Amino acid sequence: MSEAPSAERQSRLTVLAGPTAVGKGTVAADVREHHPEVWISTSVTTRRPRPGEVHGRHYWFVSDTDFDEMIARGELLEWAVVHHSARYGTPRAPVEEALAAGRPALLEIDLQGARQVRESMPGALFVFLAPPSWEELVRRLVGRGTESEQERRRRLTTAAEELASEPEFDAVVVNSEVHAAGEELVALMTGARAPRPRLQ
Ligand code: 5GP
């Protein structure tokens, strides 16, 4: 008799979201460095690479046409227009493969994407990365210095809306210190720390 796919082997998907500039990417990078057992999704995006960004590592940088085709073929688990500019999306197949192989899998995506995943994969764990304070978030946003004034204002508006979404999440990790936040995230992913009960 052939064996059915083992339910124990299938691991859980974790979605990390939070306001812009809170440090989601930095926390995910810390997890990548210290926890090679965790699989982290590489998104596709239509935005242009920043200096130092590597195709296939930071993102898959694709054209609008390529992105349209991926949507049409149903290849994206979720996608969104972020900051009213570029599109970002999560390729579906690698996520499914990582979960089927029993690897804890992590998506670092924006709030719109997190809400889509909550619809399609309600069993996933949703973790909100919060700043220590609003003032600190503004400082980080300005400090990054890679955006124009207009873009920064737009990102602040989005960040305020995103902060208000915290109660939708299963757990909150405050990013006061990157490595500590990464360890807390992994503790949630592996069940060493319990999330709060869901409201609905
Ligand atoms: P950045 O352009 O600064 O790398 O990222 C901008 C925003 O896009 C971040 O908030 C990041 O979480 C979000 N993002 C990155 N990849 C994805 C994705 O695959 N889907 C969605 N919905 N958002 C993403």
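Counting from 1, the numbers follow the sequence of the chain as shown. Treat the numbers as computed from the prediction; the structure is a model and nothing was measured. Just so you know, ligand 1 is whichever comes first in the structure, and atom 1 is the first atom listed for that ligand.
- Neither the backbone nor the side chain of Gln112 comes within contact range of ligand 1; no heavy atom lies under 4.0 Å.
- Counting heavy atoms under 4.0 Å from ligand 1, residue Lys24 touches it through the side chain alone.
- Residue contacts with ligand 1: Gly89 is placed with a nitrogen or oxygen under 3.5 Å of a nitrogen or oxygen of the ligand (distance criterion only).
- In the vicinity of Ala80, heavy-atom distances shorter than 4.0 Å reach the ligand 1 atoms 22 (N).
- Residue-level proximity to ligand 1 for Arg115 is absent, since no heavy atom of it falls below 4.0 angstrom.
- More than 12 heavy atoms of other residues, nucleotides or ligands lie within 6.0 Å of CZ in Arg73, so this atom counts as buried by the packing criterion.
- Residue-level proximity to ligand 1 for Thr90 is carried by backbone and side chain together, each with a heavy atom below 4.0 angstrom.
- Ligand 1 does not have His58 within reach: every non-hydrogen atom of the residue lies 4.0 Å or more from it.
- When all heavy atoms of Arg92 and Leu76 are compared, the closest pair comes out as NH2-O, 3.1 Å.
- Between the side chain of Lys24 and the main chain of Leu129, no donor-acceptor pair closer than 3.5 Å is present.
- When all heavy atoms are compared, the tightest approach of Thr45 to Ala86 is OG1-CB, 4.2 Å.
- With salt bridges taken as basic N to acidic carboxylate O contacts below 4.0 Å, one links Arg47 and Glu53.
- Of the candidates Trp60, Trp79, Tyr88, the one placing a heavy atom closest to atom 14 (N) of ligand 1 is Tyr88.
- In this structure, Thr20 does not count as a contact residue of ligand 1, since none of its heavy atoms falls inside 4.0 Å of the ligand.
- Each of the following atoms of ligand 1 lies closer than 4.0 Å to a heavy atom of Gly113: 22 (N).
- A salt bridge does not link Glu135 to Arg139: none of the charged side-chain nitrogens sits closer than 4.0 Å to a carboxylate oxygen.
- Heavy atoms of other residues, nucleotides or ligands lying less than 6.0 angstrom from CD of Glu149 number more than 12.
- Which of Glu78, Glu108, Glu53 comes nearest to atom 21 (C) of ligand 1 through a heavy atom is settled by distance: it is Glu78.
- Within the listing of ligand 1, atoms 1 (P), 4 (O), 5 (O), 15 (C), 16 (N) sit less than 4.0 angstrom from a heavy atom of Tyr59.
- Between the side chain of Thr46 and the main chain of Arg87, a donor-acceptor pair closer than 3.5 Å is present.
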